[in-house]
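First up is the structure itself, then whatever we jot down about it.
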Amino acid sequence: MTLFDLNLDDLENFIESLGEKKYRAKQIFLSLYKDRVTSYDEMTTLKKEFRDLLKEKLPFPTLELVNRQVSTDTTEKFLFRLSDNNLIETVLMPHDYGYSLCVSSQVGCPMACSFCASGAFGFKRNLETYEMVKQVLDVEKYSNKKISSVVIMGIGEPFLNYDNVIKFIRIINNDFGIAIGARHITLSTSGILPKFKDFEKEKFQVNLAISLHASNNELRNKLMPVNKKYPLEDLIDAIKTYIENTNRRVTIEYILLDGINDLDTNAKELAKLLRGLNVYVNLIPYNETSNNDYKRSKRTNIFFDLLKKEGLNVTVRKEHGHDIDAACGQLRGKMIKGE
Ligand code: SAH
């Protein structure tokens, strides 16, 4: 456990367990997330003895920045080294409304989706909460930009690292901290169904996005092995229940793969699956990778129109950072392979 693994109430308990006054926790929290101090020694509101005690009991961790690339569209990709030498990537994207950060939740990914570069190198481990919090803090530090929204869509399946991801969300959402509004946080999952109920119970306004990518089981089994465990009809049921119980609109992500899932019949099947649900479909132009033969669909507009005609809410995802392999599905912690 480190300093950036604790939300304000955890920090209060910890500080009290050291025999200090609770209000010190808020001072520490504010100096970390508002003043952005980078060591205990900069927390000059604390007595030196207390700072020394904290140094001993609660590590102040750092991530090492090993590479930073800037795309022609000003998207930036950051490669960080973790304390065990694993590498993770984080992507900063410009929008009309501000900057969003695409955060990784695991080192590698166990989901093995056939179209995704991240899965091709296997899974190493879950990220600790502090390793996610530090992605936000360090990108703001190095880029000197204020991040206004966070998408948990980098490498990894966040619902397989549930507790750490939820803690991360609570920390970046805290008003005394980075204060990113829950409505500006989106978690994307490939559909780990047992976690839907847990997520529902968190009762926050965080957006949920589901990687659907297929309109029938046969196709989804080929694209996403997770479908063999949690088939489409169960996934749709879980989405339905989630929407009913939370009253929140869910995002459906659908990558368009040439000749695979972009046919008229797929649009019809998809519309049938989603009819009556409070969802919007985000069509994702496929980013080709060297790990497979899938090609980008040339039918994005046609597919978009078909879904519109069926009465669905549809958008097409804007692309970012293609030239620096920072786009969706291209992240893979490149230096892991020594490339
Ligand atoms: N594991 C989570 C979050 C990480 S993936 C999930 O599956 O949702 C984030 C999004 O990028 C997912 O929708 C994923 O399917 C998509 N994606 C993966 N590879 C892609 C590629 N090559 N081109 C476009 N999108 C891709």
Side-chain angles (χ1 to χ4, degrees), residues 75 77 88-91 93 100-123 126-127 132 135 150-162 164-165 168-169 185-193 195-196 199 206-214 219-220 222-227 229-230 232 235 238-239 250-258 260-262 279-297 300 303 315-334:
T75 295
K77 184 166 77 170
I88 53 167
E89 285 169 307
T90 308
V91 178
M93 297 170 287
S100 74
L101 192 71
C102 181
V103 168
S104 290
S105 58
Q106 297 183 313
V107 180
C109 183
M111 302 316 294
C113 299
S114 60
F115 50 80
C116 179
S118 306
F121 298 102
F123 170 69
N126 279 332
L127 289 187
M132 293 180 263
Q135 290 177 53
V150 165
V151 294
I152 307 169
M153 291 190 190
I155 296 182
E157 169 46 55
F159 273 180
L160 291 182
N161 186 15
Y162 187 84
N164 289 346
V165 166
F168 162 66
I169 292 174
I185 301 173
T186 302
L187 180 151
S188 176
T189 179
S190 57
I192 310 293
L193 299 198
K195 293 296 170 205
F196 279 48
F199 196 65
V206 172
N207 305 304
L208 181 62
I210 317 287
S211 294
L212 198 70
H213 305 327
L219 194 53
R220 199 161 188 270
K222 278 192 204 136
L223 299 176
M224 305 177 70
V226 68
N227 196 65
K229 190 155 184 197
Y230 305 116
L232 210 43
L235 175 57
I239 295 171
V250 164
T251 304
I252 302 292
E253 298 165 281
Y254 195 97
I255 296 175
L256 286 170
L257 301 165
D258 183 35
I260 305 280
N261 67 355
D262 65 343
V279 294
Y280 90 89
V281 180
N282 195 206
L283 295 177
I284 308 179
Y286 181 60
N287 297 306
E288 293 172 13
T289 79
S290 53
N291 310 97
N292 62 60
D293 297 329
Y294 294 118
K295 295 276 173 271
R296 174 176 288 205
S297 168
T300 307
F303 205 84
T315 53
V316 177
R317 181 176 289 172
K318 195 166 172 289
E319 291 184 73
H320 290 280
H322 211 285
D323 54 329
I324 55 167
D325 279 355
C328 308
Q330 295 189 316
L331 300 182
R332 53 198 173 113
K334 256 199 174 167

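Values below: all heavy atoms of this structure, side chains included; hydrogens, waters and symmetry mates excluded. Whatever order the structure lists ligands and atoms in, that order sets their numbers, starting from 1.
Considering backbone and side-chain N/O of E253, one or more are found under 3.5 Å from N/O of ligand 1.
At a heavy-atom cutoff of 4.0 Å, ligand 1 is contacted by both the backbone and the side chain of E157. Heavy atoms of H213 found under 4.0 angstrom from ligand 1 belong exclusively to the side chain. Residue contacts with ligand 1, taken as heavy atom pairs separated by less than 4.0 Å, do not involve I155 at all.
Between atom 16 (C) of ligand 1 and the options I255, L187, I152, the minimum heavy-atom separation is to I255. Looking at S105, S211, P285, G154 and measuring to atom 12 (C) of ligand 1, the nearest heavy atom belongs to S211.
Residues S114 and Y294 have side chains that bring a donor and an acceptor to within less than 3.5 angstrom of each other. A donor-acceptor pair shorter than 3.5 Å cannot be found between the side chains of S105 and E157.
For ligand 1, the atoms lying closer than 4.0 Å to a non-hydrogen atom of M153 are 4 (C), 5 (S), 9 (C). Shown in contact with F115 at under 4.0 Å from a heavy atom are these atoms of ligand 1, numbered in order with element: 15 (O), 18 (C), 19 (N), 22 (N). Residue contact check: S190 has heavy atoms under 4.0 Å from atoms 6 (C), 7 (O), 8 (O) of ligand 1. Listed by number with element, the atoms of ligand 1 under 4.0 angstrom from any heavy atom of C116 are 18 (C), 19 (N). Atoms of ligand 1 lying under 4.0 Å from any heavy atom of G156, numbered from 1 in the order shown and given with element: 1 (N), 2 (C), 3 (C), 4 (C). Counting the atoms of ligand 1 from 1 in the order shown, those under 4.0 Å from a heavy atom of I284 are 24 (C), 25 (N). If you number the atoms of ligand 1 from 1 as listed, the ones under 4.0 Å from a heavy atom of Y286 come out as 21 (C), 22 (N), 23 (N).
Across every non-hydrogen atom of N261 and H213, the tightest pair is ND2-O, 2.8 Å. In this structure, E288 and K295 approach most closely via the heavy-atom pair OE2-CA, 3.5 Å.
The distance from atom CZ of R296 to atom CD1 of I284, rounded to the nearest 0.5 Å, is 11.0 Å.
Note on ring orientation: taking the six-membered ring where Trp is involved, the planes of Y254 and F303 are parallel (angle under 30°, cut-offs 30° and 60°).
Both tests do not hold together for K195 against F159: distance to the six-membered ring centre under 6.0 Å, angle to the ring axis within 45°.
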message: Between L223 and L257, does the side chain to side chain contact (heavy atoms under 4.5 Å, CB included) criterion hold? Intermediate values first, please.
response: CA-CA 10 Å; L223 299 176; L257 301 165; 3.7 Å; yes

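Between I252 and I239, the closest side-chain pair of non-hydrogen atoms falls below 4.5 Å.
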